[in-house]
Amino acid sequence: MDTKLLADLLFPNVTKTPDDMEALFPERNLPEGAIVSRMAPSPTGFVHLGNLVQGLTSERLCHQSGGPLFLRVEDTDAKREVPGAVSVLIEALRHYNILFDEGATIDGDAGDYGPYRQRQRVDIYHVYAKQLVLQGEAYPCFCTEEELAAIHEQQSAEKANFGYFGKWAIWRDRPIEDIRAELDAGHPWVLRFRSTGSIEHKIPFNDLIKGHLELTENDIDHVLLKSDGIPTYHFAHAVDDHLMRTTHVVRGDEWLPSLPFHLQLFRSLGFKPPKYLHIGPLMKMDGDSKRKLSKRKDPELALTYYRASGFPVQSVYEYLMTVLNSNFEDWRRANPDAPIDDFKFSYKKMNPAGALFDEMKLRDVSKNVISRMDADRVLAEVLDFAKDYDVELYDHLAADKTYARSILAIGRGGKKPRKDFAVFTDVRPYLDFFYDDWFRVTDEYPENFAKSDVVAALNGFLDTFDIADDINVWFDKIKAIADKLGYASDMKAFRENPEAYRGNVADISMFLRIAVTGRQNSPDMYAVMQVLGAERVKTRVRAMLGKLGAL
RNA sequence: GGCCCGUUCGUCCAGGGGUUAAGACACCGCCCUUUCACGGCGGUAACAUGGGUUCGAUUCCCGUACGGGUCACCA
């Protein structure tokens, strides 16, 4: 076979050579040890946890090593492309602090190794396609979809391995006349790789996450260029990651089976392969068994699910970090307020198996994350959430932000901050009683107390309450009420001899709490009253007295 | 079906030829506490399985089971 003739026949317009490409995209000038990596999503408009896991890993690796992270859009499948997907993706990742140093942007490209959208790179791919033909390592195949389906069916019947190889590879060694005839007839063709691999051979391989692997060589003549001249993932991966000088490829381990083919490609093209990190899939419990999270069945795979559920971005981020690097949790505990950059992310800490997604754990992480935020931050985050998911809440908070802030400041800060919120949907039930139109006067109290006691306690409070009291004076007054009513003001004394009292000061506090907040549980009463203000506290106490028929 | 990957408490996982197999979440108990939310202390609970190699295996090797992935002109 005259490969020069074939190459010119297939790619008459390609005049550039691989050497030209090398000159155009020279090696990067980076410090020793700098990692160059990328996110390479297809623009389907659906951003999921898997993207984030991969992106986070790449991002940390690059930015902690002083190398660039870039975004390459894998838009080789026009059928799946969704308009606007690139900006959706970039926006979503920006929230998660995954910022690109170069690559595709919302309206173009930034960087010296572009274009960063694969459909704009066809000329580049064709240079290498032609080169492979020239080397006798690629050939055109004119099989129709029907023919390929027939081959597959036949293989199935024969219990043979699937794929285009060996005797099934009917265009692999066709004479050039046949090829020319098909071409002249205008029939579509794909370019296939001429594999010389054998499934009898194993290739040792070292994956940075999975460790030492032994893979079977590839013997399939995979498609390099589709009939529209656009490359498949495999070919584009080899060409792009070489020319963009990627040093580390992070991807899901569903790519492991095609890795031998990729390695073949790199060798045939004369490229040095990058280092690979294959990440195990995120799993979930389904009945008694685990399975990979699926786009179809599992809403929690979509990033939008977390926002709608009220999880702060930072919670999802830190949860994923705990899943990715097992020592992150310990580090965070020891350094509650340190920036993420201070954490030494390491692929050596990554688990080769797939992690089970655990929403309980996410909630726990989230409680801690939110408890570390100051009131202004929480308010801002809640407003941002409520704006889209609870307009009523938004209106209440936004009407008086100073007031909202003072509510959220209760128990915040200090060594043992309150941990009331795992998600922002927890906020409204937590603070609704601070708003008069949400607050409901009640006359319900536990049955084992005498109504006269409740009334006397509330009246006693009204008689002595002064908003200006400090917390000790304030509580002493409540204790005094307790004593007067035969309730123990000293809890220790009460515990030693409960029979001697009608109740204790906690019960008195409960009566007040019910009056002021409408419920038996609330944040610290003193703080609540300070926020509510003297008039509203009194109004509410009187309202309960009224409802009890005691006014 | 072929090929590949994986398997330590319920879950996330640390460890790695000799350990009382660590921690976190969840659960339970106790303590602290005027309620709640925290916090503290403690507890239940794990090396899938069978063979090797070895003085000794959870750790290394082989098989089995189970789980997952993959076998497109999708990525």
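Below, chain A is the first sequence line, B the second, and so on; all start at residue 1.
When the nucleotides B:C73, B:U34, B:G6 are ranked by their closest atom to the side chain of A:Arg192, B:C73 comes out on top. Out of B:C74, B:C5, B:U34, the shortest distance to the side chain of A:Leu213 is found at B:C5. Here the nucleotide nearest the side chain of A:Met360, chosen from B:A75, B:A26, B:C74, is B:A26. Counting only heavy atoms from C-beta on, A:Phe162 has its side chain closest to B:A72 among B:U34, B:A24, B:A72. Side chain of A:Asp524, nearest nucleotide from B:U34, B:A24, B:C73: B:U34. Closest contact between the side chain of A:Asp420 and the listed nucleotides B:C13, B:A37, B:C3 involves B:A37. Checking B:C73, B:C38, B:U35 against the side-chain heavy atoms of A:Lys416 singles out B:C38 as nearest. Counting only heavy atoms from C-beta on, A:Asp364 has its side chain closest to B:C25 among B:C36, B:U34, B:C25. The A:Thr216 side chain lies nearest to B:C4 when the options are B:C4, B:A24, B:C38.
Between A:Lys79 and A:Asp77, at least one side-chain N (NZ, or NE/NH1/NH2) sits under 4.0 Å from a carboxylate O, which counts as a salt bridge. Looking at A:Arg502 and A:Asp507, no side-chain N of the basic residue comes within less than 4.0 Å of a carboxylate O on the acidic one, giving no salt bridge. Under a 4.0 Å N-O distance rule, the pair A:Asp364/A:Lys361 does not qualify as a salt bridge.
Distance alone, capped at 3.5 Å, is enough to place a donor-acceptor pair between the A:Thr517 side chain and the A:Arg513 backbone.
Phosphate proximity of B:A75 to A:Lys226: present, with a side-chain N or O under 4.0 Å from OP1 or OP2. Applying the 4.0 Å criterion to OP1 and OP2 of B:C73, one finds that A:Ser227 has every side-chain N and O outside that range. Using a 4.0 Å cut-off, some side-chain N or O of A:His152 falls inside it from OP1 or OP2 of B:A72. Taking 4.0 angstrom as the limit, A:Ser371 places none of its side-chain polar atoms (N or O) nearer than this to OP1 or OP2 of B:A37. Applying the 4.0 Å criterion to OP1 and OP2 of B:A75, one finds that A:Arg251 has every side-chain N and O outside that range. Phosphate proximity of B:A14 to A:Asn351: present, with a side-chain N or O under 4.0 Å from OP1 or OP2.
At whole-Å resolution of the value, NE2 in A:His234 and P in B:C71 are 8 Å apart. Put simply, NZ on A:Lys349 is 14 Å from C1' on B:C12, counting in whole angstrom units. Atom CD1 in A:Ile279 sits about 12 Å away from atom P in B:C13, given to the nearest Å. Rounded to a whole Å, the NZ atom of A:Lys367 is 11 Å from the P atom of B:C25. Rounded to whole Å, atom P of B:G69 lies 18 Å from atom CG of A:Leu215. Atom pair A:Lys202:NZ and B:G2:P shows a separation of 13 Å (rounding to whole Å applied). Counting to the nearest Å, the P atom of B:C73 and the OH atom of A:Tyr125 are 18 Å from each other. The NZ-P distance, from A:Lys419 to B:A26, rounds to 10 Å in whole Å.
The aromatic rings of A:Tyr125 and A:Phe235 sit tilted, their planes meeting at an angle between 30° and 60°. In this pair, A:Trp474 and A:Tyr526 present their aromatic rings perpendicular. The plane angle is above 60°, beyond the 30 to 60° band. The aromatic rings of A:Phe511 and A:Phe449 stand perpendicular to each other, their planes meeting at an angle above 60°, with 30° marking the opposite boundary.
A:Arg519 comes within contact range of no nucleotide atom at all, as no heavy-atom separation falls under 4.0 Å. Contact annotation for A:Trp474: base contact, defined as any heavy-atom pair under 4.0 Å involving a base atom. Across all strands, A:Ser156 comes closer than 4.0 Å to no nucleic acid atom at all (heavy-atom distances). Using a 4.0 Å heavy-atom cutoff across all strands shown, A:Pro41 reaches no nucleic acid atom at all.
Searching all strands for a Watson-Crick or G-U wobble partner of B:C60 with both distances below 3.5 Å returns B:G52. Figure legend. B:C47 is base-paired to no nucleotide; pairs are counted as Watson-Crick or G-U wobble with both atom distances under 3.5 Å. Searching all strands for a Watson-Crick or G-U wobble partner of B:C13 with both distances below 3.5 Å returns nothing. Across all strands shown, the partner of B:U70 is B:G2, judged by Watson-Crick or G-U wobble contacts whose two distances both fall under 3.5 Å.
Taking the centre and axis of the six-membered ring of A:Phe433, the NZ or CZ atom of A:Arg519 falls outside the cone set by 45° and 6.0 Å.
Remark: the separation of the C1' atoms in B:C13 and B:U70 is 27 Å, to the nearest Å. The same atom, P, is picked in B:A45 and in B:A22; the two are 12 Å apart, to the nearest Å.
Where stacking is scored as ring centres under 5.5 Å apart with planes under 30°, A:Tyr233 does not register as stacked on the base of B:C74.
Comparing A:Val323 and A:Phe421 by the nucleotide of RNA chain B whose heavy atom lies nearest to each, the residue mapping closer to the 5' end is A:Val323.
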